[in-house]
Amino acid sequence: EVQLQASGGGSVQAGGSLRLSCAGAGFISDDYAISWFRQAPGKEREGVSSIMTIDGSTYYADSAKGRFTISSNNAKNTDGKNTIYLLMNSLRPEDTAVYYCAVLREPLYRGTYYLLDPSQYHNWGQGTLVTVSS
(Lines give C-alpha, C1' and ligand atoms only; values in the text may rest on other atoms or scores of the structure.)
Protein backbone atom coordinates (compact mmCIF):
# COMPACT_ATOMS: atom_id res chain seq x y z
CA GLU A 1 0.00 0.00 0.00
CA VAL A 2 1.18 3.50 -0.81
CA GLN A 3 2.27 5.52 2.21
CA LEU A 4 1.55 9.25 2.07
CA GLN A 5 2.96 12.11 4.11
CA ALA A 6 1.47 15.59 3.70
CA SER A 7 3.20 18.76 4.83
CA GLY A 8 3.43 22.48 4.17
CA GLY A 9 0.37 23.81 5.89
CA GLY A 10 0.46 26.97 7.95
CA SER A 11 -1.08 30.35 8.56
CA VAL A 12 -1.14 33.05 5.93
CA GLN A 13 -2.99 36.27 5.25
CA ALA A 14 -5.53 36.55 2.49
CA GLY A 15 -3.84 37.00 -0.85
CA GLY A 16 -0.80 35.03 0.23
CA SER A 17 0.58 31.72 -1.00
CA LEU A 18 1.45 28.31 0.38
CA ARG A 19 2.87 25.17 -1.18
CA LEU A 20 1.70 21.83 0.15
CA SER A 21 3.68 18.63 -0.39
CA CYS A 22 2.55 15.03 -0.40
CA ALA A 23 5.40 12.54 -0.33
CA GLY A 24 4.39 9.09 -1.44
CA ALA A 25 6.21 5.78 -1.37
CA GLY A 26 5.23 2.25 -2.31
CA PHE A 27 3.82 2.87 -5.78
CA ILE A 28 3.83 -0.36 -7.79
CA SER A 29 2.86 1.02 -11.17
CA ASP A 30 2.75 4.30 -13.08
CA ASP A 31 -1.05 4.52 -13.16
CA TYR A 32 -2.39 6.40 -10.19
CA ALA A 33 -4.50 9.44 -9.49
CA ILE A 34 -2.97 11.48 -6.67
CA SER A 35 -5.35 14.07 -5.37
CA TRP A 36 -5.75 16.83 -2.82
CA PHE A 37 -8.88 17.18 -0.74
CA ARG A 38 -9.82 19.57 2.02
CA GLN A 39 -12.21 19.64 4.92
CA ALA A 40 -13.27 22.82 6.66
CA PRO A 41 -14.82 22.73 10.14
CA GLY A 42 -18.40 21.54 9.97
CA LYS A 43 -18.22 20.80 6.27
CA GLU A 44 -17.84 17.70 4.15
CA ARG A 45 -14.53 16.77 2.60
CA GLU A 46 -14.23 18.15 -0.92
CA GLY A 47 -11.89 17.56 -3.82
CA VAL A 48 -9.45 20.28 -4.81
CA SER A 49 -7.15 18.93 -7.50
CA SER A 50 -5.88 15.70 -9.02
CA ILE A 51 -2.94 14.62 -11.16
CA MET A 52 -2.56 11.45 -13.21
CA THR A 53 0.87 9.91 -12.86
CA ILE A 54 0.61 8.04 -16.14
CA ASP A 55 0.51 11.16 -18.29
CA GLY A 56 0.55 14.20 -16.00
CA SER A 57 -3.03 15.26 -16.73
CA THR A 58 -4.40 17.61 -14.10
CA TYR A 59 -7.87 18.36 -12.85
CA TYR A 60 -9.18 21.15 -10.66
CA ALA A 61 -12.30 22.00 -8.73
CA ASP A 62 -13.86 25.28 -9.81
CA SER A 63 -12.76 26.84 -6.53
CA ALA A 64 -9.12 26.06 -7.35
CA LYS A 65 -8.96 26.94 -11.02
CA GLY A 66 -6.66 29.84 -11.78
CA ARG A 67 -5.27 29.97 -8.24
CA PHE A 68 -3.92 26.49 -7.43
CA THR A 69 -1.41 24.42 -9.39
CA ILE A 70 -0.78 20.71 -8.86
CA SER A 71 2.49 19.17 -9.98
CA SER A 72 4.69 16.10 -9.55
CA ASN A 73 8.44 15.71 -9.15
CA ASN A 74 8.61 12.16 -10.51
CA ALA A 75 6.61 11.24 -13.57
CA LYS A 76 5.46 7.60 -13.62
CA ASN A 77 6.49 6.93 -10.01
CA THR A 78 10.02 5.84 -10.78
CA ASP A 79 11.50 3.74 -7.95
CA GLY A 80 8.09 3.61 -6.32
CA LYS A 81 8.20 7.19 -5.09
CA ASN A 82 6.55 10.44 -5.98
CA THR A 83 5.98 13.81 -4.38
CA ILE A 84 2.98 15.87 -5.36
CA TYR A 85 2.82 19.59 -4.77
CA LEU A 86 -0.12 21.95 -4.51
CA LEU A 87 0.89 25.56 -5.00
CA MET A 88 -1.87 27.76 -3.67
CA ASN A 89 -1.88 31.43 -4.64
CA SER A 90 -4.33 34.24 -3.92
CA LEU A 91 -5.53 32.42 -0.83
CA ARG A 92 -8.88 33.36 0.65
CA PRO A 93 -10.30 32.85 4.15
CA GLU A 94 -12.67 30.26 2.68
CA ASP A 95 -9.63 28.15 1.74
CA THR A 96 -9.09 27.51 5.45
CA ALA A 97 -9.28 23.76 5.98
CA VAL A 98 -7.34 20.63 6.73
CA TYR A 99 -5.84 19.47 3.43
CA TYR A 100 -5.38 15.78 2.70
CA CYS A 101 -3.71 13.90 -0.12
CA ALA A 102 -4.97 10.54 -1.34
CA VAL A 103 -4.18 8.03 -4.06
CA LEU A 104 -6.32 5.93 -6.34
CA ARG A 105 -4.64 3.14 -8.29
CA GLU A 106 -5.64 2.62 -11.90
CA PRO A 107 -8.52 5.10 -11.93
CA LEU A 108 -11.40 3.89 -14.05
CA TYR A 109 -12.43 7.27 -15.39
CA ARG A 110 -11.14 10.76 -16.03
CA GLY A 111 -12.90 13.94 -15.05
CA THR A 112 -13.39 15.92 -11.89
CA TYR A 113 -16.72 14.28 -11.03
CA TYR A 114 -14.91 11.00 -10.47
CA LEU A 115 -11.39 12.01 -9.53
CA LEU A 116 -12.43 14.59 -6.96
CA ASP A 117 -15.01 12.37 -5.28
CA PRO A 118 -13.59 11.44 -1.84
CA SER A 119 -15.61 8.21 -1.74
CA GLN A 120 -13.46 6.79 -4.57
CA TYR A 121 -10.33 6.90 -2.39
CA HIS A 122 -9.32 4.47 0.32
CA ASN A 123 -5.69 5.41 0.82
CA TRP A 124 -5.20 8.73 2.60
CA GLY A 125 -2.35 10.64 4.12
CA GLN A 126 -2.66 12.60 7.32
CA GLY A 127 -3.90 16.15 7.00
CA THR A 128 -2.08 19.44 7.08
CA LEU A 129 -3.87 22.54 8.34
CA VAL A 130 -4.10 25.69 6.23
CA THR A 131 -5.42 28.83 7.93
CA VAL A 132 -6.06 31.97 5.90
CA SER A 133 -6.83 35.14 7.82
CA SER A 134 -8.57 38.17 6.42
Side-chain angles (χ1 to χ4, degrees):
E1 185 173 276
V2 175
Q3 302 298 313
L4 302 169
Q5 180 77 30
S7 62
S11 297
V12 64
Q13 289 193 327
S17 299
L18 280 175
R19 190 179 78 159
L20 305 183
S21 300
C22 175
F27 294 97
I28 60 173
S29 77
D30 61 358
D31 188 9
Y32 287 83
I34 308 178
S35 303
W36 286 98
F37 295 84
R38 66 186 183 186
Q39 189 164 18
K43 294 189 176 181
E44 293 185 352
R45 192 167 297 189
E46 64 177 3
V48 177
S49 184
S50 185
I51 187 167
M52 304 296 103
T53 62
I54 199 167
D55 63 8
S57 299
T58 58
Y59 301 84
Y60 296 92
D62 287 344
S63 60
K65 287 179 182 176
R67 299 190 300 130
F68 295 1
T69 303
I70 192 170
S71 61
S72 165
N73 79 333
N74 184 9
K76 301 187 182 301
N77 304 324
T78 304
D79 296 328
K81 297 180 180 180
N82 205 338
T83 298
I84 301 300
Y85 304 99
L86 186 69
L87 175 61
M88 304 186 295
N89 295 320
S90 303
L91 283 163
R92 306 165 180 165
E94 53 264 40
D95 295 318
T96 295
V98 177
Y99 284 71
Y100 301 88
C101 56
V103 294
L104 176 62
R105 185 181 171 196
E106 299 177 353
L108 295 176
Y109 307 105
R110 298 293 182 102
T112 57
Y113 183 81
Y114 175 76
L115 295 170
L116 298 185
D117 176 5
S119 70
Q120 303 298 332
Y121 293 75
H122 305 286
N123 190 350
W124 295 81
Q126 92 292 356
T128 185
L129 176 62
V130 172
T131 303
V132 184
S133 58
S134 57

Item to check | Partner set under ring pair (Phe, Tyr, Trp, His ring centres under 6.0 Å) for Phe27, not counting sequence neighbours | outcome: Tyr32
Item to check | Asp95/Arg92 ion pair, N-O < 4.0 Å | outcome: no
Checklist entry - Under the criterion side chain to side chain contact (heavy atoms under 4.5 Å, CB included), which of Leu20, Val12, Val48 is the partner of Met88? => result Leu20
Checklist entry - Any chain of hydrophobic side-chain contacts (each under 4.5 Å) joining Tyr100 to Leu104? => result yes
Next on the checklist: For the CD atom of Gln126 and the SG atom of Cys101, what is their distance to the nearest 0.5 Å?
Outcome noted: 7.0 Å
Item to check | Leu87 with Tyr59, same ILVMFWY side-chain cluster at under 4.5 Å | outcome: no
Next on the checklist: Using the rule given for side chain to side chain contact (heavy atoms under 4.5 Å, CB included), can you reason through Leu86 versus Ser49, listing the C-alpha separation, both sets of side-chain angles and the distance that settles it, and then say yes or no?
Outcome noted: CA-CA 8 Å; Leu86 186 69; Ser49 184; 4.1 Å; yes
Item to check | Donor-acceptor contact present, side-chain Thr53 to main-chain Asp30, <3.5 Å | outcome: yes
Next on the checklist: If hydrophobic clusters are built by linking Ile, Leu, Val, Met, Phe, Trp and Tyr wherever their side-chain heavy atoms come under 4.5 Å apart, do Phe68 and Ile34 end up in the same one?
Outcome noted: yes
Item to check | From Leu4, Asn74, Val2, Val103, residue fulfilling side chain to side chain contact (heavy atoms under 4.5 Å, CB included) relative to Asn82 | outcome: Asn74
Item to check | Over all atoms of both residues, closest heavy-atom pair of Ala14 and Pro93 | outcome: CB-CD, 4.1 Å
Item to check | Between Asn89 and Ser17, a side-chain donor and acceptor under 3.5 Å | outcome: yes
Checklist entry - Once you round to the nearest 0.5 Å, how far does CG of Leu91 lie from CG of Leu18? => result 5.5 Å
Checklist entry - Any idea which heavy atoms bring Leu115 and Ser50 closest together, and the distance? => result CB-OG, 4.0 Å
Next on the checklist: Can you tell me if Glu44 has over 12 outside heavy atoms packed within less than 6.0 Å of its CD?
Outcome noted: no
Next on the checklist: List the residues meeting ring pair (Phe, Tyr, Trp, His ring centres under 6.0 Å) with Tyr121, not counting sequence neighbours, and say none if there are none.
Outcome noted: Phe37
Item to check | Side-chain H-bond candidate by donor/acceptor type, Ser119 with Asp117, under 3.5 Å | outcome: yes
Item to check | For Tyr109, ring pair (Phe, Tyr, Trp, His ring centres under 6.0 Å) partners two or more places apart | outcome: Tyr114
Checklist entry - Are Ile70 and Val130 linked, directly or through other ILVMFWY residues, by side chains that come within less than 4.5 angstrom of each other? => result yes
Checklist entry - Rounded to the nearest 0.5 Å, how far does CD1 of Ile28 lie from CZ of Arg105? => result 3.5 Å
Item to check | Check: Thr69 and Tyr60 side chains under 4.5 Å, non-hydrogen atoms | outcome: yes
Item to check | Minimal non-hydrogen separation, Thr83 against Ser21, with atom names | outcome: CG2-CB, 4.4 Å
Item to check | Euclidean distance, Arg38 CZ relative to Thr128 OG1, rounded to 0.5 Å | outcome: 14.0 Å
Checklist entry - Nearest 0.5 Å, what's the CH2-OH distance between Trp36 and Tyr85? => result 10.5 Å
Checklist outcome for this item: What one should report as the nearest heavy-atom pair of Ser72 and Ile84 is CB-CD1, 3.6 Å
Item to check | OG on Ser29 to CD on Glu106, rounded to 0.5 Å | outcome: 5.5 Å
